[in-house]
Amino acid sequence: MDERIVLNKSYMISKAVAQLLNQRKEKFLIPAEIVANVQENNSLEHAFLVLSKVKYAKIPVLDQDQHFKGLLSLAMITETMLGLTGIDPTRLGRIQVKDVMQTDVPTICPPYEMEEILHLLVDQTFLAVVDEEGVFTGILTRREVMKAVNYLAHDLEKEYTVEKK
């Protein structure tokens, strides 16, 4: 399931920028214990309730052993409810999460590089973090990385002398 993206190493970020961003890297991970998720064998009805309660657009899908399996969004669930003649919410109780979840999702494993994170978060609001066995350990959000970029934008000259070439 590891859909890791190989990056073109010619696009390396500057060492100073990487160093400043890495100072805040520990704050990027939101641990699995506090991330809302659903099991792949849950019904879509259950997943709809979870997504509605937590007010997230997309959440991780795990198996019974806490391995990351994919992502499920509210849009995927509502698409399932749509029929030819209208909305049929009764279908949600008969369909499992694994039948509609997105599985072609990039994941990252620690230790991760800032370069990889920055490239992947361009198209994702968060990245699932897994260990070497694929066990879900948490998420790394675009929001947390943007907070670090904000720190960098304000503190770069406190730590470095910046001169135009």
Under a 3.5 Å distance rule, please check whether [X] uses its side chain to pair with a backbone N or O of [Y] as donor and acceptor.
X	Y	value
Arg91	Met81	no
Asp104	Gln102	no
Thr137	Val129	yes

Looking only at heavy atoms, the pair that brings Ala36 and Pro60 closest together is O-CD, 3.3 Å
Where is the tightest heavy-atom contact between Asp63 and Lys69, given as atom of each residue plus distance? OD2-CE, 3.4 Å
Only one of Asn41, Val100, Asn42, Leu72 forms a side chain to side chain contact (heavy atoms under 4.5 Å, CB included) with Val61, so which one is it? Leu72
Taking side chain to side chain contact (heavy atoms under 4.5 Å, CB included) as the criterion, tell me which of Val97, Leu74, Leu71, Val38 meets it with Ile59. Val38
Give the cluster check for [X] versus [Y]: same hydrophobic cluster or not, with ILVMFWY residues linked at side-chain heavy-atom distances below 4.5 Å.
X	Y	value
Met114	Tyr112	yes
Phe68	Ile34	yes
Leu92	Val54	yes
Tyr56	Met146	no
Leu82	Leu44	yes

Full working for side-chain contact (heavy atoms from CB on, under 4.5 Å) between Glu40 and Leu62: CA-CA 6 Å; Glu40 65 181 343; Leu62 310 177; over 6 Å; no
Rounded to the nearest 0.5 Å, the NZ atom of Lys98 sits from the OG1 atom of Thr103 at a distance of 13.0 Å
Any chance you could measure Ser43, atom OG, to Asp99, atom CG, to the nearest 0.5 Å? 11.0 Å
For atom CD1 of Ile87, is the number of surrounding heavy atoms from other residues, nucleotides or ligands below 6.0 Å larger than 12? no
Flag yes if more than 12 heavy atoms outside Glu133 fall under 6.0 Å of its CD atom; otherwise flag no. yes
Go through the steps for Gln39 and Gln66 under the test side-chain contact (heavy atoms from CB on, under 4.5 Å), then give the verdict. CA-CA 8 Å; Gln39 299 287 307; Gln66 303 304 302; 3.8 Å; yes
Is there a side-chain contact between Leu127 and Thr107 (heavy atoms, below 4.5 Å)? no
Report yes if the side chains of Thr141 and Glu144 come closer than 4.5 Å at any heavy-atom pair, otherwise no. yes
